[in-house]
Amino acid sequence: QVQLVESGGDSVQPGGSLRLGCAGSGIFLDRYAVGWYRQAPGTERELVAVITIGGATNYADSVKGRFTISRDSAENTVWLQMSSLRPKDTAVYYCNLYSYPGKWGQGTQVTVSS
C-alpha cells in the first residue's frame, strides 16, 4: 500500500530553520514528481515546492530563496529544508505525488512564533 509520511515539524522562532521529511513506502519516490504543500487554518492548501523526476525544482514565490526541496533515493525520502522562517509560514505541511496525488496524510505542524 502506498503511503507517504511527513515528519520534522516543530515550533520555532522567526528566523529559525527546520527540515521536513516525506518518507515513502510501497512506492519509489524517485520515479515521481513530489510536491510539498501547506495549509493554514481557514486557508486553501497551497503548493510550496516540487521536485521533478529528473530532479528539477520549483518553488512558490513566497518561499523562493528560503526553502530547498531535495530527494534522497537511498532513503526513499523527499526533504524540505526551511530557513529564515516567518510567522506566515505557520501551517500544516503535507507531501504528495504532484501529477498523481493520492490520499492526503496527517501532515506535520510547523509553528513560527516569538
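Computation of the quantities below employed the complete heavy-atom set of this structure, encompassing side-chain atoms and omitting hydrogens, waters and symmetry-equivalent molecules.
- In this structure, Phe67 CZ and Ser83 OG are separated by 8.0 Å, a value rounded to the nearest 0.5 Å.
- Nearest heavy atom pair, residue Leu97 against residue Tyr100, reads CB-O, 3.4 Å.
- Rounding to the nearest 0.5 Å gives a distance of 9.0 Å between CG of Leu18 and OG of Ser11.
- Of all the heavy atoms in Ser84 and Arg66, the pair that sits closest is O-NH1, 3.0 Å.
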Next on the checklist: Pair Tyr94, Glu6 - check side chain to side chain contact (heavy atoms under 4.5 Å, CB included), show working.
Outcome noted: CA-CA 7 Å; Tyr94 305 86; Glu6 302 92 345; 3.7 Å; yes

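- No continuous path of ILVMFWY side-chain contacts below 4.5 Å connects Val5 to Val78, so the two sit in separate hydrophobic clusters.
- The two residues Tyr98 and Val50 come nearest to each other via the heavy atoms CD1-CG2, 3.8 Å.
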Item to check | Working for side chain to side chain contact (heavy atoms under 4.5 Å, CB included), residues Tyr59 and Thr68 | outcome: CA-CA 8 Å; Tyr59 301 92; Thr68 301; 3.8 Å; yes

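- Remark: the backbone N or O of Ile27 is paired with a side-chain donor or acceptor of Asn76 at under 3.5 angstrom.
- With a 4.5 Å cut-off on side-chain heavy atoms, Leu20 and Trp79 do not count as touching.
- Closest heavy-atom contact between Arg45 and Gln39: N-NE2, 3.7 Å.
- If you look at Trp104 and Tyr37, their ring centroids are closer than 6.0 Å.
- Atoms CE and OG, from Met82 and Ser17 in turn, are 8.5 Å apart once rounded to the nearest 0.5 Å.
- Side-chain N or O atoms of Asp30 include none that pairs as donor or acceptor with a backbone N or O of Ile53 at under 3.5 Å.
- Between Asp61 and Lys64, at least one side-chain N (NZ, or NE/NH1/NH2) sits under 4.0 Å from a carboxylate O, which counts as a salt bridge.
- Using a 4.5 Å cut-off on side-chain heavy atoms (C-beta onward), Leu80 and Tyr93 make contact.
- With a 4.5 Å cut-off on side-chain heavy atoms, Leu4 and Cys95 count as touching.
- Contact between Val34 and Leu29 at its shortest, heavy atoms only, is CG2-O, 4.0 Å.
- With hydrogens and angles ignored, the 3.5 Å screen pairs a side-chain donor or acceptor of Asp89 with a backbone N or O of Arg86.
- The two residues Thr52 and Ala33 have their closest heavy-atom pair at CA-CB, 4.0 Å.
- Atom-to-atom distance recorded for Thr43:OG1 and Lys88:NZ is 12.0 Å, nearest 0.5 angstrom.
- The CD atom of Glu75 sits 12.5 Å away from the SG atom of Cys22 when rounded to the nearest 0.5 Å.
- Once rounded to the nearest 0.5 Å, the distance linking OG1 of Thr90 with CG of Leu85 reads 8.5 Å.
- Between Pro14 and Ser114 the shortest side-chain heavy-atom distance falls below 4.5 Å.
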